[in-house]
Amino acid sequence: MTLDLGFLLGQFLAALASASALFLVASGLSIIFGVTRIVNFAHGSFYMLGAYLGYTITEALPTGVLGFWGGTLVAALAVGVIGAAIEIVVLRRIYRSPELFQLVATFAIVLIIQDATLYVWGPVERLGPRAPGLDGAVQILGEYVPEYDLALIAIGPVVLGLIWLVFHRTRWGVLVRAATEDREMVGALGVNQSWLFTTVFFLGSALAGLGGALQVPRESVSLLMDLNIIAEVFVVVVIGGMGSVLGAYVAALLIALFNAFGILILPEISLAVPFIVMAVVLIARPWGLFGRPESGEHQQALSEEPLRPLGLARRAAILAGVAGLAGLAFLGGRYGVVLATDIVIVSLFAASLHFMMGLGGMASFGHAAYFGISAYAAAFLATYAGLSMLPAMLLAPVAAMLAAAFFGWFCVRSTGVYLAMLTLAAAQIVWSVVFQASEITGGDDGILGVWPDKWAKSREVYFLLTLAIGAMALVTLQRIAHAPFGYVLRAARDNRLRAEAVGVDTRNHQWAAFVVSGVFAGIAGVLFVFAKGSIFPDELAIPRSFDALLMVLLGGVQSVFGPLLGAASFTYVRDEISRLEYWRFIFGILIILVVILAPDGIAGGLQRLWRWIAARAGFRRVTPDKAEGA
Amino acid sequence: MAAAAAAMLGATALGTGALAEEPIKVGELNSYTRMAAFTDPYKKGWELALEEINAAGGVRGRPLEVISRDDDGKPADAVRIAEELVSEDEVVLLWGTFLSNIGLAVADFAAQREVLFVAAEPLSDAVTMEKGNPYTFRLRPSTGMQARMLAEVAAKLPAKRWATVAPNYAYGQDAVAKFKTALTALRPDVEFVGEQWPGLFKIDAAATVRALDAVEPEAIYNVTFGGDLAKFVREGQLRGLFKGRDVVSLLTGEPEYLLPLGAEAPEGWIVTGYPVEDLGDDPNHKPFLEAYQAKWGELPQLGSIVGYVTLKAVAAAIEKAESLETEDLVAAMENLTFDSPVGPVTFRDIDNQATLGAWVGRTALKDGRGVMVDWSYADGADYMASPEEVAATRPAE
């Protein structure tokens with residue numbers, strides 16, 4: 001490959017065009033986060049909606065320059081209206097919930113928009129028209145540069161300038177900046193927050209829609225667009241500093257350049273490049289390039305009941321639960337066994353995440369990494385090293401432990417959303433390496449033929465094995481939570497300053513918790529790989545991490561039973577409805593209902609229900625320190 | 001024992017009719033949302049076949065029922081759904097799938113759970129060769145067979161410097177390797193000067209096109225399809241990649257990939273595909289064409305044939321088998337010959353591959369859309385792997 005000047009310039013211009021496209025979407029997300037503090041995973045869906053609407057509207061309008069650009073603007077505004085509507089109908093009801101709970105709601109919106117788009121536009125990809133007047137290419141230094149790319153290169157800075165004008169020359173913009181700085185104070189000064197939030201959502205969504213609509217001449221419009229872009233957009237926002245629009249532009253540029261030139265130097269890990277950049281930036285500047293430390297005094301600490309050792313009654317209840325699950329499995333026939341196996345595995349996976357989230361106070365957006373690494377390790381041991389099942393199961397979680405120790409060391413140096421973003425970066429790096437190292441991992445084809453040994457081949461025997469290992473692991477996690485280590489961990493979570501004042505090395509304790517959590521996720525991973533007989537990169541990807549996050553949050557972070565309840569109901573309900581054509585839509589609605597009705601999760605909701613019934617029935621066995629949900 | 005149960009039931013007031021009506025269930029899975037362009041005509045194809053089968057009295061005197069599921073384009077989901085179909089719905093066999101990695105995953109599952117799997121579309125040679133197993137059969141001509149068909153034409157081109165572009169998974173890797181082997185055998189003087197491996201549905205078309213252009217090939221072998229193909233074609237035309245270069249392209253002549261390109265469809269590419277508009281006079285094809293158009297009011301696409309023929313094969317196997325037990329069904333599949341819109345097709349017993357062929361021709365523009373011209377039908381039987389190759393590659397049973 002000749003690396004002459006023309007080629008480098010071509011690569012540079014292509015990078016600038018991608019940067020503009022990325023910036024439009026990222027700026028909207030950054031603005032939304034800055035003001036509302038919502039980690040909006042539905043932002044990619046707004047982008048996708050913008051593309052579909054842009055396609056449909058420009059097709060309907062007369063072809064021509066005016067039709068195309070007019071249609072693009074209309075599509076952006078329409079997406080803005082949809083975003084505002086979602087804010088009013090759903091998100092407004094949950095601003096008081098813990099920060100991460102809103103993330104669950106936005107994930108439900110992703111599911112709903114997926115199926116709504118499928119319903120309206122159908123599953124076939126649409127190839128939109130090229131931009132009228134910009135459908136050719138010009139030659140610069142012998143390189144073909146598409147005219148439309150040149151337009152995009154200009155659009156990015158123009159939009160950046162417009163946003164700057166709005167933010168610095170209008171009263172609304174001043175309020176937005178003030179709210180980004182300190183939204184409680186803005187509220188205290190009498191500004192109507194609901195109105196501010198809705199308008200911010202409108203602007204942010206419209207920007208995402210614009211980004212999507214402008215993508216129509218470059219690629220075919222498909223249902224994959226939302227998840228394909230969301231990770232990269234988050235990377236850009238985090239690198240730039242959450243809430244900073246200028247930061248988003250600089251970061252988009254940085255990522256696009258690294259992508260364009262990284263692919264020339266290290267094509268093998270090109271997918272990992274943005275995440276490596278993000279990890280490096282966050283380690284050097286924990287709040288991104290242009291971000292500021294979150295003002296600590298406003299952080300909502302989760303006020304939680306202290307954990308109490310389980311009473312006899314509860315222990316009996318657990319035993320009954322295990323026995324019940326076993327019984328159910330066998331009464332449910334062959335498929336009951338399969339489903340129960342899945343439930344045990346995801347329960348353990350969710351419980352391992354809960355350990356670091358609930359007890360350690362560290363949310364992870366990338367917990368699937370440890371689940372997947374261990375599963376892959378087991379697959380390697382079984383196929384390449386020819387180990388039989390039990391030794392492979394025993395050894396594989398060591399890989400998860402090492403990975404958790406490595407990534408955890410970096411992650412625990414950060415807090416809150418930024419820590420979560422580092423875990424996401426770690427998981428995405430692992431995912432891209434596994435995905436691209438196809439000689440070893442099989443890439444998209446995965447590793448097949450990782451079946452249990454003959455004695456455990458039948459579904460029933462394997463279920464019992466899973467149940468035994470899973471139950472032991474869960475009990476062990478419980479023991480750790482109630483050991484002195486668990487107490488210290490919770491102290492560090494609730495008040496880092498005081499914990500350190502009494503001499504606790506909080507960071508090392510959190511690191512250790514990270515590793516423990518990774519190991520138990522790894523145990524779930526080995527159980528998984530032998531249950532399915534195969535492993536694919538999807539098991540390390542964002543949706544798998546989010547499944548766990550959803551289970552923990554929906555189940556209830558504040559209860560030890562939360563993740564188990566969450567995992568069981570999540571798996572069972574999804575299995576029940578997944579045969580329906582638009583099951584994602586239904587699932588999304590169900591999640592939103594839980595989020596609104598039980599902001600403390602299913603466990604918390606059930607507890608409140610029980611107390612309510614108990615109070616009604618007149619027997620007052622209510623705990624003395626009745627710290628109801630947050 | 002089943003007979004005893006039947007006798008007992010028959011003795012009740014219900015009569016024997018109730019039992020005879022009990023349908024035979026087969027489990028089908030495919031990427032209905034992820035690969036809709038192909039799977040929509042595919043589904044229409046097998047629905048037509050199902051209608052015809054049941055109108056003619058079903059199979060073994062019982063109606064045939066297809067339980068169809070969407071695998072979401074993910075192999076892990078496909079394995080989960082295959083398990084559901086087998087253990088919850090208790091289907092007698094599995095069939096379907098599109099992507100090669102999904103086909104391979106389901107094939108592995110089928111071998112483990114000892115259930116028959118008839119792969120409709122996954123083309124990777126590995127399905128019947130390197131990772132072949134006694135429970136898995138495949139209908140469509142493999143990448144190896146199609147690559148040999150294309151290489152015959154490509155060998156006649158003057159081009160010596162070749163570059164390849166293919167999605168980076170089982171199908172793409174196989175398709176490139178097999179084409180290289182086939183072309184080099186016919187033309188030892190060609191050299192392959194560059195290759196691009198964009199992720200499936202993750203193509204960065206601009207980068208891919210620029211990289212291909214940079215190695216200055218005389219001809220390009222393309223394996224991308226669907227949305228990746230659309231992006232590749234658009235960027236390639238924009239940046240002048242195809243100017244003065246021959247392009248040989250797998251599957252691009254299939255209406256499901258050619259039609260979405262509209263007037264941007266490339267001209268003069270050497271492709272495998274389906275020249276449906278020219279087949280109205282073919283005596284084998286005519287009844288299918290007419291029935292399909294009568295039912296759906298549109299022309300069939302290649303997926304329609306695949307769906308239609310696969311279900312016909314499944315029905316023929318069930319009819320021929322001694323019982324509905326897996327081993328009898330597998331035995332029935334071996335050397336099974338049945339009629340299809342391209343004439344009789346046989347599942348060869350040494351590698352479980354069917355003799356279905358493919359149409360080879362060139363793309364052209366007609367009325368603002370892509371069509372196939374100068375085509376001929378290549379019978380699969382002429383391009384199958386040799387028995388020696390099968391013996392050397394396929395795992396011993």
Side-chain angles (χ1 to χ4, degrees), chain A residues 1-2 7 10-11 14 17-18 118 122-127 130 135-137 143-146 148-149 217-220 222-224 228 259-260 263-264 267 270-271 333-335 337-339 342 435-436 438 442-446 448-449 451 457 459 532-536 538-539 575 579 581, chain B residues 32-37 39-40 69-70 74-77 79-80 83-84 86-90 99-101 104-105 107-109 111-112 124 126 131 167-170 173 194 197 199-202 204-207 210-211 213-215 226-227 230-231 234-235 238-241 260-262 264:
Chain A
M1 194 180 293
T2 46
F7 183 82
Q11 205 72 2
S18 313
L118 175 66
V124 179
E125 304 183 50
R126 309 295 179 99
L127 187 64
R130 290 178 183 173
D135 50 2
E143 281 286 319
Y144 288 95
V145 179
Y148 190 70
D149 275 17
R218 297 185 98 206
E219 61 176 302
S220 48
S222 79
L223 291 166
L224 292 172
N228 273 357
N259 273 342
I263 203 166
L264 299 179
S270 57
L271 290 174
R334 268 200 292 184
Y335 187 63
V337 178
V338 174
L339 190 62
D342 280 356
F435 186 82
Q436 288 188 306
S438 49
D444 242 352
D445 305 334
L448 304 175
W451 293 104
K457 188 182 169 183
R459 298 176 177 92
K532 304 291 169 189
S534 53
I535 180 78
F536 301 93
D538 279 343
E539 303 310 330
D575 182 76
R579 282 173 183 243
E581 197 169 356
Chain B
Y32 286 106
T33 40
R34 279 290 172 261
M35 294 307 312
T39 48
D40 178 56
R69 300 283 306 269
D70 187 353
K74 295 180 186 144
D77 284 8
V79 172
R80 179 174 57 79
E83 176 80 90
E84 280 184 39
V86 171
S87 60
E88 190 174 14
D89 300 306
E90 306 193 335
L99 295 168
S100 287
N101 51 358
L104 286 167
D108 181 57
F109 170 86
Q112 171 72 12
S124 170
K131 293 182 180 159
N168 195 10
Y169 77 113
Q173 290 153 4
W197 299 102
L200 178 64
F201 304 139
K202 294 187 176 70
D204 179 349
R210 291 166 49 76
D213 204 25
V215 298
K231 283 197 233 181
R234 181 168 275 190
E235 281 291 332
L238 206 53
R239 293 171 191 269
L241 177 67
L261 297 176
E264 288 177 44

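So that the names make sense, note that chain A is the first sequence line, chain B the second, and so on, each numbered from 1. These figures come from a predicted structure and were not determined experimentally.
What you find for A:S220 and B:K231 is that their closest heavy atoms are N-CG, 4.3 Å. Here the shortest heavy-atom pairing between B:Q173 and A:S438 reads NE2-OG, 4.0 Å. Closest non-hydrogen pair, A:W451 versus B:F109, comes out as CZ2-CA, 3.9 Å. Taking all atoms of both residues into account, the shortest heavy-atom contact from B:A105 to A:L448 is CA-CD2, 3.8 Å. Residues B:L238 and A:A137 come closest through the heavy atom pair O-CB, 3.3 Å.
When heavy atoms are compared at a cutoff of 4.5 Å, B:L261 approaches chain A by way of both its backbone and its side chain. For chain B, the nearby part of A:R218 is the backbone; its heavy atoms alone come within less than 4.5 Å. For A:E125, the part lying under 4.5 angstrom from a heavy atom of chain B is the side chain only. Residue B:Y32 touches chain A through its backbone alone, counting heavy-atom pairs closer than 4.5 Å. Contact of B:A206 with chain A is not made at all, since no heavy-atom distance falls under 4.5 Å. For A:S534, the part sitting under 4.5 Å from any heavy atom of chain B is the side chain, from C-beta outward, and nothing else. Residue contact with chain A, scored on non-hydrogen atoms closer than 4.5 Å, involves the backbone and the side chain of B:P75 alike. Heavy atoms closer than 4.5 Å to chain B are found nowhere in A:Y148, neither backbone nor side chain. Using a 4.5 Å cut-off between heavy atoms, A:L118 touches chain B through its side chain atoms alone.
With sequence neighbours excluded, the residues that form a salt bridge (charged side-chain N to carboxylate O under 4.0 Å, His left out) with B:D213 are B:R245.
Heavy-atom pairs under 4.5 Å with chain B peak, among A:L224, A:D149, A:D135, A:I535, at A:L224. Per-residue heavy-atom pair counts under 4.5 Å with chain A were compared for B:D40, B:V86, B:L200, and the maximum is reached by B:V86. Options A:G533, A:G443, A:G449 differ in how many heavy-atom pairs under 4.5 Å they form with chain B, and the most are formed by A:G449. Counting heavy-atom pairs closer than 4.5 Å to chain A, the top residue among B:A37, B:A76, B:A126 is B:A76. Most heavy-atom pairs under 4.5 Å with chain B, from the set A:Q436, A:R459, A:K457: that is A:R459. The candidate with the highest count of non-hydrogen atom pairs below 4.5 Å against chain A, out of B:R80, B:R69, B:K74, is B:R69. With respect to chain B, the highest number of heavy-atom pairs below 4.5 Å among A:D538, A:V337, A:L339, A:N259 belongs to A:D538.
The backbone N or O of A:D444 sits less than 3.5 Å from a side-chain atom of B:N101, completing a donor-acceptor pair.
In this structure, B:K131 does not pair ionically with A:D445, as no charged nitrogen and carboxylate oxygen lie closer than 4.0 Å. Ionic pairing of A:E143 and B:R210 is present here: one or more N-O contacts between side-chain nitrogen and carboxylate oxygen are shorter than 4.0 angstrom. Classification of A:R579 and B:D89 as a salt-bridged pair holds, one side-chain N sitting under 4.0 Å from a carboxylate O.
Side-chain contact between B:L241 and A:Y144 is absent, with no heavy atoms from C-beta onward closer than 4.5 Å. The closest side-chain heavy-atom distance from B:R34 to A:L223 is below 4.5 Å. Contact annotation: the side chain of A:K532 never approaches that of B:E83 to less than 4.5 Å [non-hydrogen atoms, C-beta and beyond]. You'll find the side chain of A:V338 stays beyond 4.5 Å of the side chain of B:E84, heavy atoms only.
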